[in-house]
Structure formats: structure tokens, C-alpha cells
Engineer: 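Mind looking over this structure? Questions follow.
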Amino acid sequence: MKKLFLIAIAAAGVMTAQAQQALEATNFGSNWSIGIDGGATTPMANGHAFFGDMRGVFGAHIQKQISPSFALGVEGLGMINTTGAKTAIDQSYVGAYGAVNLFNLFGGYKCDGRFFDMELVGGAGWGHDYVAGAGDHNYFATKAGVNFNFNVSKHVTISLKPSFAWDMSDAQVAQTSAAYSKELCTFNILAGVSYKFGEGFKCVDTKNQGEIDALNARINALRGELDACVAANAAAEAQAAALAAELQACKNRKPEVIKEVSNNLQSVRYVFYKIGSSKITADQKPNVEMVADYLKNHKGSKVVIKGYASPDGNLDFNLKLAQARAESVKNMLVKTYGIAADRIDAKGEGIGNMFTENSWNRVSICTLED
């Protein structure tokens with residue numbers, strides 16, 4: 001019976017977490033109960049009559065329900081004197097116990113409660129015999145039993161409690177398995193009434209369908225966003241690959257060199273620039289003024305301006321610089337000298353190689369046309 005009790009306690013520990021998953025968390029001050037007990041006890045040893053030696057017993061208990069399946073408690077019992085002992089109570093017992101609710105352990109906790117359930121109970125404590133004319137007898141005692149509980153209301157339980165108790169310190173077998181014999185055993189049958197404080201364990205609804213539906217909708221929306229992101233990423237990667245290929249093609253292309261073959265001293269003027277610049281310096285402004293004077297004197301004439309850059313530096317930058325140099329001459333002709341823009345054709349021609357002197361290729365060549 002001792003082994004059965006230990007196995008039940010271990011099983012309660014394993015099942016407690018599972019049993020509480022659907023319950024609201026409780027604090028130390030909840031799920032307490034107190035009760036009173038009364039009944040009869042009789043020795044099981046040979047030479048004793050089961051009913052003939054039966055006598056009354058009464059007591060009280062306090063219990064804390066740790067989980068729906070497991071409880072701890074303390075109890076006190078007094079046996080009514082039917083012998084020549086020196087007090088009205090010839091025996092007493094005070095001890096602690098644990099109780100495993102089999103119905104909740106194996107059947108699960110019912111939120112609306114059960115009318116009937118069963119508990120396996122095991123405990124240990126201190127026994128005391130009041131012996132007439134001699135020293136009292138103190139001993140270590142253990143007990144095991146079953147509680148048949150009738151839950152007549154939310155707070156009141158009536159129980160039938162058969163149990164066995166052993167004197168573990170007699171017959172030179174102190175606190176060993178040999179003490180678990182009927183010679184050292186008494187049988188007790190008690191009826192008890194308990195009152196439970198508070199509301200007990202509260203069930204919580206672990207499933208909220210509205211929240212689940214909302215979460216599912218959100219998950220589906222996120223999946224759609226993820227798919228869109230994957231598609232956008234694939235498109236971006238494709239675009240990046242195309243740009244990389246285009247860049248590589250530009251790098252592999254040889255610079256285009258345009259050589260000016262027409263050099264008529266009568267119709268051509270040059271505007272030179274400093275390296276990396278499209279600004280017309282003061283010493284070059286007279287060249288622009290010559291072009292402006294010609295256009296003013298010859299109303300039907302036009303000018304073609306071609307901007308160039310020397311081979312120094314980055315190709316992309318030089319291409320933009322050549323265009324900017326042509327535009328700088330056009331802007332001065334229009335804004336400073338009032339020449340109509342439609343008489344001017346300005347464009348960048350890229351890298352020039354007209355002159356053996358490299359710095360001379362940083363130029364805008366203005367060709368006058370009648």
C-alpha cells in the first residue's frame with residue numbers, strides 16, 4: 001500500500017501541470033478548506049475483536065488544494081478512552097497528509113464540479129498513548145486510506161474515510177517495512193464534513209474563435225505581403241543584373257574619339273577651359289565675343305558649337321563635361337550678347353583628339369555657317 005501511495009503522489013506531480021493548463025492561476029490564499037471528522041477505530045492485531053474493541057474517534061483537519069489533482073493537509077485525531085487510561089482521551093494523533101484526487105487525475109477537472117469523487121490519502125505524524133500508572137508512549141505513525149467525497153454544494157463536502165494506521169516504533173521494527181503488519185495496525189472509519197473557502201479553481205476559455213480568425217486573416221495577409229516582396233525582390237534582382245550587364249558593356253566599349261578635320265581660320269573660333277571645368281574664364285571671353293559680333297553682322301548666319309574633353313579622368317564624367325562646355329558658350333551668346341537661341345546648335349562631342357597638346361583638347365569649337 002505504501003508503494004501504491006508513492007506512485008499516486010508521483011503521478012499527481014506529473015499530471016498537475018496538464019490539469020492546470022485550462023485553469024486560471026491561483027494564489028497561496030485560495031483553495032483552503034477546514035473540516036471536522038468523527039467515527040470509530042479498532043485494532044487489527046490477533047486477539048482483538050473487530051467490533052468488540054471498536055471505540056470512538058473524533059478530530060479536525062485543514063487542507064490546501066495545490067492543484068485539482070493534489071492536496072496537502074494537517075489533521076488531529078483523539079480516540080475516546082474505553083480502558084483504564086488516566087484521561088478521557090487515551091490516544092491522539094497529529095500528522096500531515098497528501099491526497100490525490102483520482103477522478104481529476106485521470107478524468108480531468110470539471111469546471112462545473114462533480115457530485116462524487118475519490119481520493120487516495122497517505123500521511124505520517126506523531127502518535128501518543130496515555131498509559132495509566134506508567135510513562136506515556138510516543139511513536140512515529142503512518143497511515144493510508146481512501147476518501148469517498150460527496151460534494152453536496154459548491155462549498156460543502158461530506159466524506160466517508162476508511163483508513164489504516166501503523167505504529168512504526170513497536171516490536172523492534174522501528175520505521176521499516178516490517179512495521180506494516182496487522183499486529184501494528186488499526187483500522188479507522190470516519191465521516192467528515194468540510195467547508196471550502198473561496199471560489200476554487202476557475203476554468204478559462206483557452207480558445208477564442210474571434211481572435212483565432214483575426215490571427216489567421218493577419219497570417220494570410222502577411223503571406224500575401226511576403227509573396228509580393230519576393231516578386232519585387234526578383235524584379236529588382238533582374239533589373240540590377242540588366243544594369244550590371246549594361247555597365248559592363250559600357251566599360252568594355254572603347255572611347256569614341258572625334259577628330260575635327262575642318263579648320264577654316266575664317267569661320268572657326270576656339271574657347272579653351274581649365275581641366276575638369278566648363279566655366280569660361282576672362283581670357284577666353286573675347287573669343288565668344290568674336291562669334292557674337294559675327295552673328296550680329298551676318299543676320300542669316302548660324303553657329304555650331306561642339307564641346308570636347310581631354311582623355312583625362314572618368315569617361316562618364318568627361319562625356320557630361322563636353323556637353324556642359326558647349327552649353328556654356330551658348331548660354332553666354334544668348335544671355336550676354338542677345339543672340340537668338342535658334343541660331344545656335346550646341347552639343348557635346350565627347351573626348352577630343354584634335355591637338356597633340358592634350359590640354360588644347362579641353363575646348364569648345366565654334367564653327368560659323370552662313
Engineer: Could you check whether atom CZ of Phe50 has more than 12 heavy atoms from other residues, nucleotides or ligands sitting under 6.0 Å from it?
Structural biologist: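 Yes, enclosed.
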
Engineer: Between Ser159 (side chain) and Lys161 (backbone), is there a donor-acceptor pair under 3.5 Å?
Structural biologist: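 Not at all, since once roles are kept as given, no pair shorter than 3.5 Å links the two residues.
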
Engineer: Crowded around Ile36 CD1? As in, over 12 foreign heavy atoms under 6.0 Å?
Structural biologist: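 Count not over threshold, so no.
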
Engineer: Would you say that Leu160 contacts Ile189 through its side chain, given a criterion of any heavy-atom pair below 4.5 Å between the two side chains?
Structural biologist: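 Yes - at least one pair of side-chain heavy atoms lies under 4.5 Å apart.
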
Engineer: Spell out, as yes or no, whether a donor-acceptor pair under 3.5 Å connects the side chain of Lys279 to the backbone of Ser328.
Structural biologist: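 Checking the backbone N and O of Ser328 against the side chain of Lys279, no donor-acceptor pair under 3.5 Å is found.
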
Engineer: Kindly check if the number of other-residue, nucleotide or ligand heavy atoms within 6.0 Å of CD (Gln209) is above 12?
Structural biologist: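 For Gln209, atom CD is crowded (more than 12 foreign heavy atoms under 6.0 Å).
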
Engineer: Inspect the contact between Asp370 and Lys302 and indicate whether a charged nitrogen and a carboxylate oxygen are less than 4.0 angstrom apart.
Structural biologist: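 Here Lys302 does not pair with Asp370 in a salt bridge, since their nearest N and O are not under 4.0 Å apart.
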
Engineer: Judged by modelled atom types alone, do Asn361 and Asn353 share a side-chain donor-acceptor pair under 3.5 Å?
Structural biologist: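 No pair is found: no donor N or O on one side chain lies under 3.5 Å from an acceptor on the other.
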
Engineer: Kindly indicate, with the supporting measurements, whether the criterion side-chain hydrogen bond (donor to acceptor under 3.5 Å, both in side chains) is fulfilled by Asn46 and Lys182.
Structural biologist: CA-CA 8 Å; Asn46 292 329; Lys182 73 173 186 176; 3.0 Å; yes

Engineer: Check whether any side-chain heavy atom of Cys366 sits under 4.5 Å from a side-chain heavy atom of Val329, and report yes or no.
Structural biologist: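 Yes, side chains in contact.
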
Engineer: Just by distance, no angles: are the side chains of Asn149 and Arg114 close enough, under 3.5 Å, to form a donor-acceptor pair?
Structural biologist: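 No pair is found: no donor N or O on one side chain lies under 3.5 Å from an acceptor on the other.
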
Engineer: Can you give each donor-acceptor pair under 3.5 Å made by side-chain atoms of residues 337-347, sequence neighbours left out, with the distance rounded to 0.1 Å?
Structural biologist:
| residue | atom | partner | partner atom | Å |
| --- | --- | --- | --- | --- |
| Arg343 | NE | Ser301 | O | 3.0 |
| Arg343 | NH1 | Leu295 | O | 3.4 |
| Arg343 | NH2 | Leu295 | O | 2.8 |
| Arg343 | NH2 | His298 | O | 2.9 |
| Arg343 | NH2 | Lys299 | O | 3.4 |
| Arg343 | NH2 | Ser301 | O | 2.9 |
| Arg343 | NH2 | Ser301 | OG | 3.3 |

Engineer: Below 30° counts as parallel, above 60° as perpendicular, anything between as tilted: where do the rings of Phe272 and Tyr270 land?
Structural biologist: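 Parallel.
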
Engineer: Output yes when a side-chain donor or acceptor of Tyr97 lies under 3.5 Å from a complementary backbone atom of Ala144, and no otherwise.
Structural biologist: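 No: the side chain of Tyr97 does not pair with the backbone of Ala144.
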
Engineer: If we ignore hydrogens and angles and just use 3.5 Å, is the side chain of His137 paired with the main-chain N or O of Asp129 as donor and acceptor?
Structural biologist: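 Looks like no, no N/O pair under 3.5 Å.
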
Engineer: Please answer whether the main-chain N or O of Arg325 pairs with a side-chain N or O of Tyr273 as donor and acceptor at a distance below 3.5 Å.
Structural biologist: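 Yes; at least one donor-acceptor contact below 3.5 Å.
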
Engineer: Does atom CD of Gln239 have more than 12 heavy-atom neighbours from other groups under 6.0 Å away?
Structural biologist: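 No, the 6.0 Å shell around CD holds no more than 12 heavy atoms from other groups.
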
Engineer: Assess whether atom CD1 of Ile62 is packed by more than 12 heavy atoms of other residues, nucleotides or ligands within 6.0 Å.
Structural biologist: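 It does not: Ile62 CD1 has 12 such atoms or fewer within range.
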
Engineer: Side chains of Asn188 and Tyr93: donor-acceptor distance under 3.5 Å anywhere?
Structural biologist: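 No pair is found: no donor N or O on one side chain lies under 3.5 Å from an acceptor on the other.
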
Engineer: If you measure only the distance, is there a donor-acceptor pair under 3.5 Å linking the side chains of Asn151 and Asp117?
Structural biologist: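 Asn151 vs Asp117: donor-acceptor pair found between side chains.
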
Engineer: Between Glu119 and Asn147, do the side chains contain a donor N or O and an acceptor N or O under 3.5 Å apart?
Structural biologist: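 Judged by distance alone, the side chains do pair up.
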
Engineer: Answer yes if the ring centres of Tyr180 and Trp166 are under 6.0 angstrom apart, and no otherwise.
Structural biologist: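 Distance test on ring centres: under 6.0 Å, yes.
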
Engineer: Taking 4.0 angstrom as the limit, do Glu75 and Lys143 come out as a salt bridge?
Structural biologist: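 A salt bridge is present here (some side-chain N lies under 4.0 Å from a carboxylate O).
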
Engineer: Give me the atom names and distance for the closest heavy-atom approach of Tyr308 to Gly352.
Structural biologist: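 Looks like CD2-CA, 3.7 Å.
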
Engineer: Can you name the residues that form a ring pair (Phe, Tyr, Trp, His ring centres under 6.0 Å) with Phe116, not counting sequence neighbours?
Structural biologist: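 Testing Phe116 for ring pair (Phe, Tyr, Trp, His ring centres under 6.0 Å), a comparison that skips the adjacent residues, returns Phe103, Phe150.
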
Engineer: Do we see a donor-acceptor contact under 3.5 Å between the side chains of His61 and Ser33?
Structural biologist: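 No donor-acceptor contact under 3.5 Å links the two side chains.
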
Engineer: Checking the side chain of Asn252 only, and the main-chain atoms of Gln248 only, is there a donor and an acceptor separated by less than 3.5 Å?
Structural biologist: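 Yes: the side chain of Asn252 pairs with the backbone of Gln248.
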
